[in-house]
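Atoms within each ligand, like the ligands themselves, are counted from 1 in listed order.
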Amino acid sequence: MTNKGIVIVGGGQGGFQTAVSLRAEGYQDSITIIGDEAELPYQRPPLSKGLLSGKQEARHAMLRPAPFYATQRVELITGQRAAGIDRVGRAVTLASGQGIGYDSLVLATGARNRLLPIEGATLDGVCYLRTVAEALEIKQRIDLAQSIVVIGGGFIGLEVAAAAKAAGKSVTVIEAAPRLMGRVVAPVVSEYFLQTHAQQGVSVQLNVGVAGLRGSSGKVDAVLLKDGSVIPADLVVVGIGVVPNAELAQSAGLAIGNGIVVDEYLRTDDPSIFAIGDCAEYPNPFAQARVRLESVQNAVDQALSVAKSITGHSVPYEATPWFWTDQFDIKMQMTGLAHGFDTVVTRGEPEARKFSVFYYKGGELRSIDSINRPAEHLTARKIIGARTSISPEQAADESYDLKSAVAKN
Ligand code: FAD
């Protein structure tokens with residue numbers, strides 16, 4: 001048995017940040033990150049943006065170069081899976097059988113792609129995007145493909161579609177729901193993205209399910225839709241959501257809901273085990289509900305919160321959620337959580353390609369999306385963070401200075 005101190009399972013955004021924040025908070029003992037990917041910790045947003053467009057290389061996604069870990073006295077174990085947790089003995093067992101003892105354990109195991117449960121899903125040319133290796137493979141395949149079908153009209157599917165279209169390919173997006181990104185944005189935003197993709201030449205098909213994937217000689221050649229139509233495809237990218245990696249926690253007897261269940265300090269029902277990022281379900285004051293979020297902000301801020309708890313400065317986790325997506329020339333920034341909104345107000349004109357959308361629930365401002373309005377979004381984030389409200393009339397009135405709402409607080 002080796003190590004003790006803090007053991008972090010998962011060498012992604014949240015795991016990396018936990019180690020960095022622990023050192024920043026003055027933690028002096030041993031820190032070990034166990035990651036099952038071969039690479040140094042990297043960030044995922046560039047995978048569906050700069051890497052696919054060719055504007056960035058894999059090395060640009062790396063969070064820090066190798067010497068950083070030695071300088072910070074962080075032991076980084078890559079390419080090894082944590083296979084079990086002995087809660088009584090306080091140790092993690094690697095798949096190799098090696099045991100690593102901990103004083104506190106942080107689970108930052110992320111999420112994995114939901115797989116398409118249909119015939120043909122394992123044909124060559126059917127790809128998913130989560131890892132840098134998958135991004136590089138998809139980029140190579142986009143370069144060689146003629147007709148690309150993206151299954152799923154969420155953020156990642158649409159970012160892939162935009163990159164493939166920008167590479168001059170024929171691109172079709174298939175979405176089973178009636179609108180794009182329908183789980184998280186208002187109809188006016190879905191419509192704006194639909195129009196933009198259509199103007200760029202992406203064919204978007206809504207309200208239609210996928211019946212199967214057809215192949216020849218083991219390679220995909222078409223997507224079969226439930227309405228009977230057949231769309232030729234030499235590359236299919238599936239982006240239909242993720243499943244939290246909660247099995248390690250589950251097999252250790254920790255509570256599982258929509259992810260690993262934690263309290264407002266991101267602690268599991270074992271006081272020496274925390275869970276953060278995509279794998280954790282926690283009580284969120286903005287949603288006024290327990291949620292599991294999938295964003296860089298969430299992973300980074302939760303890591304900082306856990307580092308504070310471990311170093312004796314616990315405060316409940318209440319950071320303002322924010323997220324972004326880049327598609328063609330659109331940068332959309334989102335802050336707050338729109339869950340269950342009942343009223344939507346638009347500030348500015350979608351036709352002008354720059355506008356913001358305010359989401360209300362029961363008269364309370366819950367979240368704001370800004371499309372190509374980065375300066376306004378900075379104020380939006382402050383408004384949501386301060387939990388101040390502005391009336392729907394003020395939100396819609398472009399002559400109303402949003403900054404005055406924050407200045408009052
Ligand atoms: P991850 O970064 O996924 O890290 C988890 C790590 O744990 C992985 O390396 C996993 O392999 C490893 N692991 C799991 N189980 C074990 C085990 N048993 N032993 C060892 N290691 C294990 N968010 C945004 O805010 N904006 C964006 O624009 C954006 N774009 C994205 C684009 C793509 C293509 C993807 C995939 C995600 C994007 N996200 C974006 C989401 C964001 O990257 C995630 O929310 C974030 O990475 C979550 O961090 P995490 O540490 O929880 O999980």
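Salt bridge Asp278/Arg130: present, at least one basic N to carboxylate O contact under 4.0 Å. Under a 4.0 Å N-O distance rule, the pair Arg373/Glu398 qualifies as a salt bridge.
Proximity of Arg81 to ligand 1, defined as any heavy-atom pair under 4.0 Å, is shared by backbone and side chain alike. The side chain of Val9, and not its backbone, has at least one atom closer than 4.0 Å to an atom of ligand 1 (non-hydrogen atoms only; side chain from C-beta on). In Thr325, neither the side chain nor the backbone holds a heavy atom less than 4.0 Å from any atom of ligand 1.
Atom 46 (C) of ligand 1 has Asp278 OD1, 3.9 Å as its closest protein atom, hydrogens excluded (heavy atom only). Distance from atom 19 (N) of ligand 1 to its nearest protein heavy atom, with residue and atom name: Ala82 N, 2.9 Å. Atom 35 (C) of ligand 1 has Ile156 CD1, 3.5 Å as its closest protein atom, hydrogens excluded (heavy atom only). Closest to atom 53 (O) of ligand 1, if we only count protein heavy atoms, is Gly110 CA, 3.3 Å. Protein heavy atom nearest atom 21 (N) of ligand 1, with residue, atom name and distance: Asp36 N, 3.1 Å. Here the protein heavy atom with the shortest distance to atom 5 (C) of ligand 1 is Ala108 O, 3.3 Å. Considering only non-hydrogen protein atoms, atom 24 (C) of ligand 1 sits nearest to Phe323 CE1, 3.2 Å. Of the protein's non-hydrogen atoms, the one nearest atom 31 (C) of ligand 1 is Pro45 CA, 3.7 Å.
A donor and an acceptor atom, one from each side chain of Thr268 and Asp270, are nowhere located under 3.5 Å apart. In the model, Gln333 has no side-chain atom that pairs as donor or acceptor with a side-chain atom of Thr335 under 3.5 Å. Donor-acceptor pairing under 3.5 Å is recorded for the side chains of Glu376 and Ser356. Glu75 and Ser30 share no side-chain donor-acceptor pair at under 3.5 Å.
Between Gly14 and ligand 1, a contact under 3.5 Å exists for at least one N or O pair. For Leu248, no nitrogen or oxygen atom sits less than 3.5 Å from a nitrogen or oxygen atom of ligand 1, counting backbone and side chain alike. For Trp324, a nitrogen or oxygen atom sits less than 3.5 Å from a nitrogen or oxygen atom of ligand 1, counting backbone and side chain alike. No N or O atom of Glu159 sits closer than 3.5 Å to an N or O atom of ligand 1. Considering backbone and side-chain atoms alike, Ser295 places an N or O below 3.5 Å from some N or O of ligand 1. Residue Ser48 places no N or O, backbone or side chain, under 3.5 Å from any N or O of ligand 1. Checked against a 3.5 angstrom limit, the closest N/O atoms of Gly277 and ligand 1 fall outside it. Taking distance alone, with nitrogen or oxygen atoms compared against 3.5 Å, Glu37 approaches ligand 1 more closely than that limit. In terms of polar-atom proximity, Gln80 is not counted as a contact of ligand 1, lacking any N or O under 3.5 Å from an N or O of the ligand.
Formation of a donor-acceptor pair under 3.5 Å by the Tyr265 side chain with backbone atoms of Ser309 is not found in this model. The main-chain N or O of Ala289 is never found under 3.5 Å from a side-chain atom of Asn284 such that the two would form a donor-acceptor pair. Arg366 contributes no side-chain N or O that, together with a main-chain N or O of Gly336, makes up a donor-acceptor pair within less than 3.5 Å.
Heavy-atom contacts from other residues, nucleotides or ligands closer than 6.0 Å to NZ of Lys382 number 12 or fewer.
Taking each of Gln13, Arg130, Arg44 in turn, the one with a heavy atom nearest to atom 8 (C) of ligand 1 proves to be Arg44. Of the candidates Gly259, Pro41, Ala135, Gly10, it is Gly10 that places a heavy atom closest to atom 7 (O) of ligand 1.
For the pair Ile31 and Gln72, the minimum side-chain heavy-atom distance is 4.5 Å or more.
For ligand 1 and Glu294, the ligand atoms under 4.0 Å from any heavy atom of the residue are 45 (O). Residue-ligand proximity, Ile34 to ligand 1, at heavy-atom distances under 4.0 Å covers atoms 20 (C), 21 (N). Interface atoms of ligand 1 facing Lys49, defined by a heavy-atom separation under 4.0 Å, are 27 (C), 28 (O), 29 (C), 30 (N). Residue Leu129 approaches ligand 1 through these ligand atoms, each under 4.0 Å from one of its heavy atoms: 34 (C), 36 (C). Residue contact check: Gly12 has heavy atoms under 4.0 Å from atoms 2 (O), 4 (O), 6 (C), 51 (O) of ligand 1.
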Counting only pairs under 3.5 Å, give me each side-chain donor-acceptor contact of residues 10-18, with atom names and distances, residues two or more places apart or in other chains.
residue : atom : partner : partner atom : Å
Gln17   : NE2  : Ser21   : OG           : 3.1
Thr18   : OG1  : Gly14   : O            : 2.7

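The shortest heavy-atom distance from Cys279 to ligand 1 is not under 4.0 Å. Not close to ligand 1: Gln17, with no non-hydrogen atom less than 4.0 angstrom away.
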Residue pair Asp342, Lys361: steps toward the salt bridge (Lys or Arg N to Asp or Glu O under 4.0 Å) verdict: CA-CA 5 Å; Asp342 52 34; Lys361 185 175 179 191; over 6 Å; no
Taking it one step at a time, do Gln195 and Glu191 satisfy side chain to side chain donor-acceptor pair (under 3.5 Å)? CA-CA 6 Å; Gln195 293 304 329; Glu191 182 59 27; 2.5 Å; yes
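When all heavy atoms of Pro350 and Val188 are compared, the closest pair comes out as CG-CG2, 4.0 Å. Closest of all the heavy-atom pairs between Lys308 and Val315 is CD-CG2, 4.5 Å.
Under the ring-ring contact (aromatic ring centres under 6.0 Å, His included) criterion, the residue pairs touching residues 139-193 are Phe155-Phe323, Tyr192-Phe355, with sequence neighbours excluded.
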